[in-house]
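Heads up, the thing below is written out as structure tokens.
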Amino acid sequence: MTIFVSTEWLGQQLGAPDLVILDASLFLPGTPRDPRAEFEAGHIPGAAYMDLPGLSDPDDPTPGMLPPDAMMTQRMQALGVHRDSRIIVYDNSPTHSAARGWWMMRVYGLGASAAILDGGLPKWLAEGRPVDSGLPAIPPGNAVARLDRAQVRTKADILANLDSGAAQLVDARGAGRFTGAEAEPRPGMASGHIPGSRNLPSSALFQPDNCMKQGAELRRLFEEAGVDVDRPVITTCGSGVTAAILLAGLESLGQQHVGLYDGSWSEWGFDKTTPKATGPA
């Protein structure tokens, strides 16, 4: 399966016994929206609520870090995910958080394949496609989650990369947060970016219909941000959510040497010992 599937494709697949559809909507801190309430009000038929905001390591002080295998396994089984499931992840969020959900499926080895619904719920609704309401009863699945740490970058990896320069760092946050001109949404967090990073706001990767840009247009965005798409990349952001959008975009261009810094600025910006830069890239 490719990284993205179309609303037309999903419309034709609804009801397939091996299909699992997950709503991975998530909003930035302080956003007056409730993803669970919105799911109950209207979701793609057959979908389950992933609760991405609550799917993180409860023992890690950094918000949003990948959960332990046991927690991920329990959640995925409760959502009806089997070892051979085809998983489609979507969202109804301006942060396009489905990419984070999709990346999590990948790094935990879940399902036979996983993809992002291109355009998400906004495109689905704009096309007049059906929705259901309420919280569906879901028969449990048998998937077992095992985190592949080789796909995840840590603070130690980033510190080592500052010396080696082996991979390019690309930050998905908006320009104001990257330069330090705008305050971070989490109190007490430093402003700025990891030294040497390039900045490509994830919002730039989307077309007016909420689908991701492709091919030459997408490649040009990375190149204009100073990124060589043929060299290894580590993507970062505020808390590892929009970084997954850049990762998905790079992989759609054929880049296989791309990792994601899970802690991102939520970890780096809170650590008083890490080097920080402000201003443009």
Side-chain angles (χ1 to χ4, degrees), residues 2-4 24 26 28 52 64-66 89-91 93-107 114-120 150-155 157-158 161-162 165-179 184 192-207 210-269 277 280-281:
T2 60
I3 296 172
F4 299 96
L26 172 150
L28 288 174
L52 189 59
M65 296 291 279
L66 290 169
V89 189
Y90 77 90
D91 66 64
S93 168
T95 61
H96 297 95
S97 51
R100 170 75 180 190
W102 162 80
W103 180 71
M104 291 176 73
M105 298 300 113
R106 288 259 307 268
V107 298
I116 300 166
L117 178 63
D118 206 13
Q151 298 187 55
V152 186
R153 301 295 175 265
T154 65
K155 181 169 65 177
D157 294 328
I158 305 302
N161 192 76
L162 290 180
Q168 304 162 95
L169 291 171
V170 190
D171 192 321
R173 292 175 300 158
R177 292 174 65 192
F178 179 86
T179 63
E184 286 294 312
H193 58 266
I194 300 170
S197 298
R198 298 293 182 172
N199 182 213
L200 178 54
S202 59
S203 58
L205 272 63
F206 294 91
Q207 304 178 99
N210 215 45
C211 289
M212 185 177 280
K213 295 173 182 176
Q214 299 178 357
E217 185 181 16
L218 181 60
R219 178 180 286 267
R220 186 170 60 251
L221 285 174
F222 281 100
E223 290 174 347
E224 289 174 351
V227 181
D228 182 348
V229 296
D230 297 318
R231 283 189 55 231
V233 173
I234 298 171
T235 64
T236 75
C237 60
S239 58
V241 176
T242 56
I245 297 168
L246 299 188
L247 183 143
L250 286 162
E251 289 202 358
S252 76
L253 293 172
Q255 170 59 271
Q256 298 301 312
H257 301 288
V258 53
L260 187 152
Y261 174 26
D262 191 36
S264 282
W265 196 252
S266 291
E267 180 176 50
W268 197 272

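Hydrogens, waters and symmetry mates play no part in the numbers below; they use all other heavy atoms, side chains included.
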* Any side-chain heavy-atom pair of His193 and Arg173 under 4.5 Å -> yes
* Structure fact -> Separation between CE (Met104) and CG (Leu260), nearest 0.5 Å, reads 11.0 Å
* To do: Could you please spell out the steps behind the side-chain contact (heavy atoms from CB on, under 4.5 Å) verdict for Arg219 and Asp230?
  => CA-CA 10 Å; Arg219 178 180 286 267; Asp230 297 318; 4.0 Å; yes
* Intermediate values then yes/no, side-chain contact (heavy atoms from CB on, under 4.5 Å), Val241 and Leu28 -> CA-CA 10 Å; Val241 176; Leu28 288 174; over 6 Å; no
* Going through the checks in order, is the side-chain contact (heavy atoms from CB on, under 4.5 Å) test met by Thr235 and Leu250? -> CA-CA 10 Å; Thr235 64; Leu250 286 162; 4.1 Å; yes
* Asked: So do Arg153 and Asn161 actually touch side chain to side chain, heavy atoms under 4.5 Å?
  -> no
* To do: Mind checking the CH2-CD1 spacing from Trp103 to Ile3? Nearest 0.5 Å is all I need.
  => 14.5 Å
* With rounding to the nearest 0.5 Å, note down the distance linking CD in Gln255 to CZ in Phe222. => 9.5 Å
* Asked: Do Ile194 and Asp171 come within less than 4.5 Å of each other through their side chains, counting heavy atoms only?
  -> no
* Met212 side chain near Ile245 side chain, heavy-atom distance below 4.5 Å -> yes
* Compare all side-chain heavy atoms of Gln151 with those of Leu247 and state whether any distance is below 4.5 angstrom. => no
* Measure the shortest side-chain to side-chain distance between Cys211 and Phe4 over non-hydrogen atoms and say whether it is less than 4.5 angstrom. => no
* Asked: Considering residues, nucleotides and ligands other than Gln214, do more than 12 of their heavy atoms fall under 6.0 Å from its CD?
  -> no
* Are His96 and Thr242 close enough that some pair of their side-chain heavy atoms sits under 4.5 Å apart? -> no
* Asked: From Leu26 CG over to Leu52 CG, what is the distance, rounded to the nearest 0.5 angstrom?
  -> 5.0 Å
* How about Leu200 and Leu246: do any of their side-chain heavy atoms sit closer than 4.5 Å? -> yes
* To do: Classify the ring geometry between Tyr261 and Trp268 as parallel (under 30°), tilted (30 to 60°) or perpendicular (over 60°).
  => perpendicular
* Asked: Given Leu221 and Lys213, is the side-chain contact (heavy atoms from CB on, under 4.5 Å) satisfied, shown in steps?
  -> CA-CA 9 Å; Leu221 285 174; Lys213 295 173 182 176; 3.9 Å; yes
* Structure fact -> To the nearest 0.5 Å, atom CG of Asn199 lies from atom CZ of Phe178 at 4.5 Å
